[in-house]
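Please read the structure below before turning to the comments.
One-based numbering along the sequence shown. Quick caveat: nothing in here was measured; it's all calculated off a predicted structure. Every heavy atom of this structure was used, including side-chain atoms; hydrogens, water molecules and symmetry mates were not.
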Amino acid sequence: MIPLIGATCLQLLLLMGLVQTFGLFGKYKEYVCAATIVSGILASLAFGALVYSFAISDFSVELVAEHSHSSKPLIYKISGTWANHEGSILLFTWFLAALSCLYLFFAFRQKSPFMLRVLGSQGALIAGFSAFTIFTSNPFVRLFPTPFEGNGLNPILQDIGLAMHPPMLYAGYVFFSLAFSHAVAVLMLPKDAKRWAKELRPYMQIAWVLLTIGITLGSWWAYRELGWGGFWFWDPVENASLLPWLAGTALIHSLRVVEVQGAQIRWSIMLAVLTFALGLIGFFLVRSGVLSSVHSFALDPGRGLGILLLLTIFIGSAFVLFAMNGARIKPTENYGLFSREGFLLLNNLLLMTLCVTVLIGTLYPLFMHAFNLGSISVGTPYFNTTFNPIAGLTLALCAIGSGIAWRKDKPKQKMLLPPIIALGICLIFIHEVIPFLSLWGALWLVISMALNIPRQKNIWPMWLAHVGVAIVALSIVIHFALGTQQELNMKIGDTTKFAGYEIKLQEVKAVDGDNYIAREGHFIAQYGSRLSDLYPQTRYFPVEGQKTNETALARRWNGDLYLVIGDRDLKHNSFAVRIYWRPMMFGIWGGAALMALGGALGVALRRKR
């Protein structure tokens, strides 16, 4: 009964989305607002029905039977809802409908045609994704007869980090849909630029915070769960989430220029469309089946064509509107190049250059394969050579731009101190060009932020976010410069020395989990007088027939000792062990947390004002 209710609500959601689309005409306020509210209710009921089906292990639903098992812990039964193609599409659609309701709640008093056009554009997105869900990715398909048990969930997805990662990521993508809808509304009905930017910017800050948290959770999961000792592999699906984050960062800064100066309006509109477009491109890459990745769940290219069709319709329509009406939207003020808005524009251009760099590295192998031009792998060397130096320059410009005034300014003598100190440190420790540029930019920003601690309350969010970016960038540079690893075989009682630690394999025993059995090693790691007990595992999941590695970490402020235990060598009665020293992990996670905190505080203080 519950799945039938969910399927019916999903079909009605398509109808309500079409009614909401009439807001694009700037009329029918009562009907559009009512359709928005009903859409939110219907989407919540549909998604709630799917969550309930997973929670009670209703194997009459094909999706539950394929991606769940009665022995799984409840948290992973629920997260199994979106750990697959169909469920993740429904989650995305639910977020779209819920966001429309949220926007209506805060904008209802405006009673303006502009608000209706935003809702109408959101309605078109809801209708499009509802249709896609119903016709290509229906999550409520039934099984007859009902199987007694399900197939289980991919073991590497049974982790708290990945349980939270997709909802955060999709929520960020969906909030960026408001950028697209506002851009469409402005192009259909030009209005005061500052008012438009003032309304949109808080939503973009929320999107940026959610996406920052989502990317960080995914990285944290990969670091802990995959057992290879890294947190970012330049995997195409990882890159897909980075693209809208970079464009969204540029958009937030550009909207600030529009809000304060009334400049860069057309550029901001274009960024708004491109940011959402990059989110949809990422969605296409993950859900189309064109990529093979631990993050990618769809294997049906036909579904990818559906997403590509939605992308073409929505983004193509926005570009047509821009070509028709963009010239009618004119900036209200000019500004000098050496000014905050001038440097923000330069930073915008560099951020979009980073986007292009990542996009080329991600799509180029796909084009080579599609046109039978051979097989090529684009990995870390390409991104280190192209991405890192541009990122270093971007950080340096960020340090300059945050310390100068609006409209027009003159270079200040105090601005010379951070780059000189950073240059001196780099000359001492780095002798290669690309690491040199990356470290210089990161240090420049760190020192600038340290020397310019704000006194005004309203500047603290911006300062915290920039400090977070600086700490993450500096930590990553140090991490890759000083990280080491070792692979060896150890018998019980063996001791090895590594990165200042003395590590002893104390014992290995079998452990039974809720839905797995494991081989667990007990290592004692001594650093000076400090002792750490580490318990890495190799887990086997009988239902899925798969193995995973559970890492063990000894954390210090300046890095992690990272241990993985592998297979047993019966001949020599030893175990394969991988040991890594991963510097500055606290700075990477802590810096990301500061970025999200700064963005969240910015929204909170703005709301209070």
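- L45 approaches C9 most closely through the heavy-atom pair CB-SG, 3.7 Å.
- For residues 142-171, every residue pair satisfying the salt bridge (Lys or Arg N to Asp or Glu O under 4.0 Å) rule, not counting sequence neighbours, is listed here: D159-R224.
- For the residue pair E544 and Y516, no side-chain donor N or O sits within less than 3.5 Å of a side-chain acceptor on the partner.
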Go through it in stages, so that I can follow the logic: the residues are Q20 and Y28, the test is side-chain hydrogen bond (donor to acceptor under 3.5 Å, both in side chains), and I'd like the CA-CA distance, side-chain angles, deciding distance and then a yes or no. CA-CA 9 Å; Q20 188 178 330; Y28 317 113; over 6 Å; no
Sequence neighbours excluded and cut-off under 3.5 Å, please list the side-chain donor-acceptor pairs for residues 202-209, or say none.
{"from": "W208", "atom 1": "NE1", "to": "T249", "atom 2": "OG1", "distance (Å)": "2.8"}

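- Looking at S181 and S121, their side chains do bring a donor and an acceptor atom within 3.5 Å of each other.
- Nearest approach of I156 to E225, heavy atoms of both residues: O-CG, 3.7 Å.
- Two rings, from F283 and F92, have their centers less than 6.0 Å apart.
- For N84 (side chain) and T81 (main-chain N/O), a donor-acceptor pair under 3.5 Å exists by modelled atom type.
- Residues passing the ring pair (Phe, Tyr, Trp, His ring centres under 6.0 Å) test with H69: none are found, sequence neighbours excluded.
- With sequence neighbours excluded, the residues forming a ring pair (Phe, Tyr, Trp, His ring centres under 6.0 Å) with F233 are W228, listed by chain and number.
- Checked against a 6.0 Å centroid threshold, the rings of H182 and F114 count as neighbours.
- Annotation for L13 and L42: closest pair N-CD1, 3.8 Å, computed over non-hydrogen atoms.
- Aromatic ring orientation, H522 versus Y535: parallel (interplanar angle below 30°, classes split at 30° and 60°).
- The ring pair (Phe, Tyr, Trp, His ring centres under 6.0 Å) check on Y76 picks up nothing, with sequence neighbours excluded.
- Distance alone, capped at 3.5 Å, places no donor-acceptor pair between the N151 side chain and the H67 backbone.
- Under the side chain to side chain donor-acceptor pair (under 3.5 Å) criterion, S177 pairs with Q122, not counting sequence neighbours.
- Atom CG of L116 and atom SG of C33 lie 6.0 Å apart (nearest 0.5 Å).
- Within the structure, salt bridge (Lys or Arg N to Asp or Glu O under 4.0 Å) pairs that include any residue of residues 86-98 comprise E86-R303 (at least two apart or interchain).
- Annotation for G521 and I565: closest pair CA-CD1, 4.1 Å, computed over non-hydrogen atoms.
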Throw together a table of side-chain donor-acceptor distances under 3.5 angstrom for residues 588-596, partners on residues two or more places apart or in other chains.
none

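- By the ring pair (Phe, Tyr, Trp, His ring centres under 6.0 Å) test, Y562 pairs with Y223, Y580, sequence neighbours left out.
- Here the shortest heavy-atom pairing between A127 and L14 reads O-CD1, 3.3 Å.
- Heavy-atom minimum distance, G87 versus L63: N-CD2, 3.9 Å.
- Checked against side chain to side chain donor-acceptor pair (under 3.5 Å), S254 has the following partners two or more places apart in sequence or in another chain: S268.
- Taking S137 as the reference, H85 meet the side chain to side chain donor-acceptor pair (under 3.5 Å) condition, with sequence neighbours excluded.
- Remark: S241 pairs with no residue by the side chain to side chain donor-acceptor pair (under 3.5 Å) rule, at least two apart or across chains.
- In this structure, F25 and F22 have tilted ring planes: the angle between them lies in the 30° to 60° band.
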